[in-house]
2 protein chains.
Amino acid sequence: MASAQRATGPDKRRMILDAAVVVFAKKGFHACRVSDIADEANVAYGLVYHYFRSKDEVLDTLFLERWNVLLEVITEIDRQQLPARDKLYAIASFIVDSYRHDPDLMKVIIVEVTRAANSFGRTHLTTIREAYALIAGIVEKAQADGSFRCAVTPGFAALAFYGAIEQVLTGWIFDMLPRGEEEFDEAKAFIVETICGGLDADRASARAV
Amino acid sequence: MASAQRATGPDKRRMILDAAVVVFAKKGFHACRVSDIADEANVAYGLVYHYFRSKDEVLDTLFLERWNVLLEVITEIDRQQLPARDKLYAIASFIVDSYRHDPDLMKVIIVEVTRAANSFGRTHLTTIREAYALIAGIVEKAQADGSFRCAVTPGFAALAFYGAIEQVLTGWIFDMLPRGEEEFDEAKAFIVETICGGLDADRASARAV
DNA sequence: CCAGTGGTTGACTGACCAGTCAATCCGGAC
DNA sequence: GTCCGGATTGACTGGTCAGTCAACCACTGG
């Protein structure tokens with residue numbers, strides 16, 4: 001009846017990926033079994049191996065699908081004629097909205113890939129670094145045109161900026177921070193305000209290094 | 001001959017813990033076997049279970065030992081009569097030096113506990129949060145006495161600050177950032193400079209929320 | 001010299017699970 | 001209607017590994 005009932009070919013592949021997101025988010029990649037994915041997708045165990053070479057490849061696919069979108073979006077934001085601060089806001093906004101739209105997927109990507117230095121993080125290191133490099137590029141240009149100070153290196157600023165975003169998402173993932181439409185928008189503003197504006201009331205002590 | 005040869009009782013326990021740090025750091029908690037720990041410690045397999053109820057308990061012990069030191073240090077720093085910026089510098093300094101002194105241990109704690117939302121992170125959530133709360137307390141007092149702006153909430157500032165530190169450590173853990181005496185000291189300064197000073201050249205846009 | 005106690009050993013077991021594969025289904029081509 | 005090939009099924013296998021346990025060792029105190 002519904003297309004889900006008669007789904008075939010690539011549709012089933014998609015169903016497996018979506019099911020994997022749910023299962024990985026709930027139990028974690030290592031703790032869940034391939035049969036959990038198959039069950040969640042209402043599909044036979046073996047079909048997972050028809051579409052993917054291994055359990056790992058399912059996670060790889062999820063990560064790459066999403067991270068490539070992120071890289072494109074950052075590139076596109078950077079192409080626009082905007083103050084660096086607004087560009088950073090747009091990036092924070094996109095990532096926070098990604099979480100708002102699909103918290104499970106973002107949880108899986110952050111917990112199982114981005115922060116997993118012993119497994120998938122290492123595998124996708126090059127891809128992950130591309131995002132940092134793009135952000136660093138934005139900072140570098142802003143420092144060149146004088147809108148950002150030169151107190152820290154662009155690469156370092158990118159790390160701190162992305163680190164702050166990820167820490168906030170982690171706060172939501174761990175249920176440490178309240179989640180809601182207001183909180184999401186507030187977070188975007190706070191991240192940019194902290195990194196760009198700083199905490200100091202006066203900046204007498206701030207000198208270029 | 002050497003005491004390691006004739007070690008007994010609690011010494012062996014310590015040897016197991018130290019060996020676990022090496023093994024967890026090299027292969028990751030999930031990927032390594034209990035026999036790897038025993039081999040690294042030059043101890044029989046079963047002895048691990050004489051001193052610890054389970055493989056999990058070994059990691060729990062490592063984490064709690066170190067995190068409690070961190071909590072004490074932060075408390076002590078906060079007790080001193082110092083500008084908030086210097087307190088944050090002291091905290092960043094302690095964490096960076098912890099990494100400098102024992103990178104494997106810090107790697108294990110960050111990768112396997114602090115950032116592991118699906119396993120040990122959840123277990124130790126309360127303990128982890130205590131550190132954030134202490135940092136937030138420092139920010140809050142600084143905002144009250146006017147040395148920090150009130151643009152963001154203390155809890156959020158704590159998250160961003162700790163997130164920046166962890167991201168830098170992660171950079172070292174992933175071999176993304178160069179490691180060395182200079183880099184370590186530079187990192188401490190950069191972290192505090194970014195979070196306290198901010199990136200903006202002028203702060204026209206910075207208004208209290 | 002002989003228990004007794006606590007540390008130490010490592011072979012073994014039971015459970016678990018990724019990945020395989022032979023069989024079956026189904027829709028289209030002719 | 002028959003045949004073909006890709007999609008789909010799920011029982012089964014092989015290997016792994018956490019945790020157990022019965023035996024062994026080394027010191028101590030009587």
> Does a side-chain N or O of B/Lys12 approach OP1 or OP2 of C/dT8 to a distance below 4.0 Å, or not?
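So the side chain of B/Lys12 is within the cut-off, an N or O lying under 4.0 Å from OP1 or OP2 of C/dT8.
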> Taking only Lys NZ, Arg NE, NH1 and NH2, and the carboxylate oxygens of Asp or Glu, determine whether B/Asp185 and B/Arg100 approach each other closer than 4.0 Å.
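A salt bridge links B/Asp185 with B/Arg100.
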> Once you round it to whole Å, what is the distance between P of C/dC25 and NE2 of A/His50?
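About 17 Å, once rounded to whole Å.
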> For the pair made of CZ in A/Phe52 and C1' in C/dA18, what is the distance, rounded to whole Å?
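From A/Phe52 CZ to C/dA18 C1': 16 Å.
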> In whole angstrom, give the distance that lies between atom CG of B/Asn42 and atom P of C/dG7.
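Going from B/Asn42 (CG) to C/dG7 (P), I get 20 Å.
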> Rounding to an integer number of Å, can you tell me how far B/Asp39 CG sits from D/dC17 P?
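So the two atoms are 13 Å apart, to the nearest Å.
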> Toward the 5' end of DNA chain D, which comes first, B/Val34 or A/Val43, by nearest nucleotide?
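Its nearest nucleotide lies further toward 5', so the answer is A/Val43.
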> Take the protein atom OH of A/Tyr45 and the nucleotide atom P of D/dG10, then report the distance between them rounded to whole Å.
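Checked: the OH to P distance equals 13 Å.
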> Would you call the rings of A/His30 and B/His30 parallel, tilted or perpendicular, taking 30° and 60° as the class edges?
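Ring orientation of A/His30 relative to B/His30: parallel.
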> Has A/Tyr51 got a side-chain N or O lying under 4.0 Å from the OP1 or OP2 atom of D/dT8?
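Indeed, a polar side-chain atom of A/Tyr51 lies that close.
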> Where the side chain of B/Ala44 is defined as all heavy atoms beyond and including C-beta, which of D/dA18, C/dT9, C/dG19 is the nearest nucleotide?
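Looking only at heavy atoms from C-beta outward on B/Ala44, the closest nucleotide is C/dT9.
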> In whole angstroms, how far is the P atom of D/dT20 from the OH atom of B/Tyr49?
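Rounded to the whole Å, the gap is 8 Å.
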> If I take atom NZ in residue A/Lys55 and atom C1' in nucleotide C/dG19, what distance separates them, rounded to the nearest angstrom?
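Checked: the NZ to C1' distance equals 12 Å.
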> Check the angle between the aromatic planes of A/Trp172 and A/Phe184 and answer parallel, tilted or perpendicular using the 30° and 60° thresholds.
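Perpendicular: the ring planes of A/Trp172 and A/Phe184 meet at over 60°.
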> Taking atom NZ as the centre, does A/Lys26 end up with more than 12 heavy-atom neighbours from other residues, nucleotides or ligands that are less than 6.0 angstrom away?
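Not more than 12 within 6.0 Å, no.
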> CG of B/Leu47 versus P of C/dT9: gap in Å, rounded?
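Distance check: B/Leu47 CG to C/dT9 P gives 6 Å.
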